[in-house]
Undergrad: 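I'd like to ask some things about the structure below.
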Amino acid sequence: MNHTNNTQQSNDARHDDDAALTEFLSSLMDYTPTIPDELVEHYLAKSGFQCPDVRLIRLVAVATQKFVAEVAGDALLQCRARQSAVVKDKREKQQKDKRPILTMEDLSKALRDYGVNVKHQEYFADSPSTGMDPASRDE
Amino acid sequence: MSHGGGESGRVHEKSQHAKRKSGSSGDEFAQAIAKIAVAQICESTGFQTFQQSALEILSDFTIHYISNLGKLAQSFANLAGRAEVNALDIIQGLEELGSSQGFAGASDVDHCIASSGTIRELVQYVSEAEDIPFAYSIPPFPVVRERKPVPSFLQIGEAPPGEHIPAWLAAFPDPQTYLQLSTENEGAADSNTRKIELAQLHKKIDRSLLNLQNFASNGSGGPSSVAAIRGSEAKLAVEGNPFLVAPLQFGEKEVSHVVPPAKLSNEAAVRNPINQNSLLGNHMSVLDTFAPAIEARKSRLCDSEEGQKRVLLNQRPAVQFKIGIGKKSVGTAQELSLQNKGVEKIGPWHGKDGEKDDKKKRAEKILKQSIENPGELAQL
């Protein structure tokens with residue numbers, strides 16, 4: 001008895017889950033993800049993903065969008081944290097708060113949590129003799 | 001030097017740009033679109049401006065994410081014995097990608113995929129986030145070009161040439177496309193081949209000049225190279241180039257005889273001021289200058305040095321000597337350095353470098369060395 005009850009319950013649960021999933025997929029058709037369908041289709045086709053269903057493409061697009069939004073959110077937190085640390089010293093809050101810029105620093109810190117190591121150059125020189133003593137340069 | 005450095009930097013950039021453009025030419029469009037989409041997402045998150053490199057990295061990261069998700073989903077589908085991907089495969093892929101970050105219910109081993117924590121999070125995100133469509137409308141890409149297959153023999157209606165070729169195979173191309181054209185054709189495509197021929201010819205002449213120089217000084221391996229040169233020159237008679245005219249045989253042309261001076265060394269005699277006009281007027285072939293020397297070698301005069309001197313003096317007095325080490329004198333530079341003592345007197349000719357033909361300069365240089373070499377030998 002218990003067993004059948006359990007299975008019945010699990011069956012219902014499964015139906016609910018499926019129903020929820022189907023509902024979600026159909027709702028995706030109303031929501032337009034920021035990442036266009038053509039782009040997602042192109043890269044999925046490159047990696048061997050074969051599916052004629054548009055809803056699945058939308059699913060991937062939405063998942064990617066959420067992921068990128070998470071990363072951007074983390075980077076924004078890093079940016080704000082850096083700004084607040086500076087503000088304590090200098091009290092120039094208004095100057096920096098207006099425009100949060102996505103910098104390499106914040107991005108690399110945010111991506112580190114996702115297992116992506118991003119290291120960037122500190123600076124680039126124009127020519128091999130940049131920054132050298134002018135006497136040692138031959139004009 | 002900073003100016004030069006800057007310019008070289010720019011040139012380097014340009015070449016890098018060109019390389020980048022030509023390398024991943026198919027993907028540039030998709031990458032640009034990805035950049036725009038990512039910028040829009042970041043804008044909705046709160047950023048207002050981006051660093052160029054940061055945006056590029058993030059868009060590259062996004063592309064990798066999409067590709068990875070596709071690969072994972074496809075592998076899960078294949079694992080289950082299917083060729084087409086399911087929604088459940090995608091959710092499994094999402095779970096795997098999100099396992100590093102963690103999601104609700106990740107530790108449940110037996111949970112139903114449909115009720116996965118990732119989906120719940122997605123549902124939450126969709127309900128909360130604003131609906132920001134992509135900024136531009138994109139045509140479906142990549143554009144697939146219709147390929148016209150080569151028509152088969154059956155389609156053309158031809159009988160295949162030979163019994164071993166079945167008729168359903170593609171037909172052979174037009175014989176005109178692969179048969180060699182006659183050289184009298186002066187079409188536009190031929191000018192290129194002519195240029196290539198000329199370049200090869202110049203190379204041959206350079207080589208032959210070097211050979212002759214070595215030959216005149218060492219006296220070894222002469223006849224074979226000479227024969228080759230004669231043959232090649234006779235073959236390629238291009239109009240307008242005096243060096244490519246067929247060489248004159250010994251005795252064909254009347255050459256004035258010069259009485260050799262009493263002294264054995266030739267340096268004084270040869271360096272007399274000479275008519276420049278006569279040289280410019282006489283388009284002597286290279287072989288012409290060396291023909292007597294070659295003949296002398298062949299006839300094996302007993303007194304080789306004297307014979308060489310006499311024979312070389314038989315040349316027309318249109319010999320001028322240059323100090324300058326020209327760009328094309330490959331092997332002559334070293335020998336010139338040895339004979340520096342005699343070189344200073346020939347100073348005034350240096351300025352006329354630009355007026356003369358390169359070939360004539362080199363011929364003169366080689367001739368001078370060959371003349372001065374026996375002179376040195378005599379002095380030894």
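Hydrogens, waters and symmetry mates play no part in the numbers below; they use all other heavy atoms, side chains included. Order of the sequence lines sets the chain letters (A, B, ...), proteins ahead of strands, with each chain counted from 1. Computed from a prediction, not measured in an experiment: that's the story for all the values here.
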Undergrad: Given the rule in the side chain to side chain contact (heavy atoms under 4.5 Å, CB included) test, do Val40(A) and Thr64(A) qualify, once you have shown the distances and angles that lead to the verdict?
TA: CA-CA 9 Å; Val40(A) 176; Thr64(A) 315; 5.7 Å; no
Undergrad: Which atoms of Lys66(A) are under 4.5 Å from chain B, going by heavy atoms: the side chain, the backbone, both sets, or neither?
TA: both
Undergrad: Can you tell which part of Phe24(A) gets under 4.5 Å to a heavy atom of chain B, answering side chain, backbone, both or neither?
TA: side chain
Undergrad: If every non-hydrogen atom of Leu58(B) is compared with every non-hydrogen atom of Val71(A), which pair is closest and at what distance?
TA: CD1-CG1, 3.9 Å
Undergrad: Non-hydrogen atoms of chain A under 4.5 Å away: do they reach the side chain of Tyr65(B), the backbone, both or neither?
TA: side chain
Undergrad: In residues 105-113 of chain A, which residues are in contact with chain B at a heavy-atom separation under 4.5 Å?
TA: Leu107(A), Leu111(A), Asp113(A)
Undergrad: Side chain, backbone, both or neither: which part of Ala45(A) has a heavy atom under 4.5 Å from chain B?
TA: neither
Undergrad: Between Gly48(A), Ser27(A), Cys51(A), who has the most heavy-atom pairs with chain B when the cutoff is under 4.5 Å?
TA: Gly48(A)
Undergrad: Of all of Ala54(B), Ala73(B), Ala37(B), which one pairs up most often with chain A through heavy atoms under 4.5 Å apart?
TA: Ala54(B)
Undergrad: Determine, step by step, whether Leu69(B) and Ile66(B) satisfy the side chain to side chain contact (heavy atoms under 4.5 Å, CB included) criterion, reporting the C-alpha distance in whole Å, the side-chain angles of both residues, the deciding distance to 0.1 Å, and the verdict.
TA: CA-CA 5 Å; Leu69(B) 191 52; Ile66(B) 298 175; 5.8 Å; no
Undergrad: Under a 4.5 Å cutoff for heavy-atom pairs, which residue among Thr103(A), Val118(A), Val116(A) has the most contacts with chain B?
TA: Thr103(A)
Undergrad: Among Ala75(A), Ala61(A), Gly73(A), which has the most heavy-atom pairs under 4.5 Å with chain B?
TA: Ala75(A)
Undergrad: Which atom names give the shortest non-hydrogen contact between Asp37(A) and Ile57(A), and what distance separates them?
TA: O-CG2, 4.0 Å
Undergrad: Pair Gln83(A), Cys79(A) - check side chain to side chain contact (heavy atoms under 4.5 Å, CB included), show working.
TA: CA-CA 6 Å; Gln83(A) 278 176 11; Cys79(A) 184; 3.7 Å; yes
Undergrad: With no hydrogens and no angle check, is any side-chain donor or acceptor of Gln155(B) less than 3.5 Å from a backbone partner on Ser152(B)?
TA: yes
Undergrad: Asp53(A): which residues meet the salt bridge (charged side-chain N to carboxylate O under 4.0 Å, His left out) condition with it, sequence neighbours left out?
TA: Arg55(A)
Undergrad: Contact part of Val62(A) toward chain B, heavy-atom cut-off under 4.5 Å: side chain, backbone, both or neither?
TA: both
Undergrad: Which bit of Asn68(B) is near chain A, if near means a heavy-atom gap under 4.5 Å: side chain, backbone, both or neither?
TA: neither
Undergrad: Checking heavy atoms, do the side chain of Ile35(A), its backbone, both or neither come under 4.5 Å from chain B?
TA: both
Undergrad: At a heavy-atom separation under 4.5 Å, does Ile91(B) approach chain A through its side chain, its backbone, both, or neither?
TA: side chain
Undergrad: Heavy-atom distance under 4.5 Å to chain A: side chain of Glu121(B), backbone, both or neither?
TA: both
Undergrad: Working note: Tyr31(A) + Tyr125(B), criterion ring-ring contact (aromatic ring centres under 6.0 Å, His included); need CA distance, chi angles, decisive distance, verdict.
TA: CA-CA 11 Å; Tyr31(A) 180 87; Tyr125(B) 177 75; 7.2 Å; no
Undergrad: Please name the pair of heavy atoms, one in Ala72(A) and one in Phe47(B), separated by the smallest distance, quoted to 0.1 Å.
TA: O-CE1, 3.3 Å
Undergrad: What closest approach, in Å, do Leu76(A) and Gly46(B) show between heavy atoms, and which atom pair accounts for it?
TA: CD2-CA, 4.3 Å
Undergrad: Closer than 3.5 angstrom, by distance alone: can the side chain of Gln65(A) be matched with the main-chain N or O of Pro33(A) as a donor-acceptor pair?
TA: no
Undergrad: Measure distances from Ala69(A) to the heavy atoms of chain B and classify the residue's part below 4.5 Å as side chain, backbone, both or neither.
TA: both
Undergrad: Rounded to the nearest 0.5 Å, what separates atom CG in Leu39(A) from atom CG in Leu44(A)?
TA: 9.5 Å
Undergrad: Please name the pair of heavy atoms, one in His42(A) and one in Ala30(B), separated by the smallest distance, quoted to 0.1 Å.
TA: CD2-CB, 3.7 Å
Undergrad: I'd like to verify something: which residue of Ile119(B), Ile57(B), Val38(B), Ile90(B) has the highest number of heavy-atom pairs under 4.5 Å with chain A?
TA: Ile90(B)
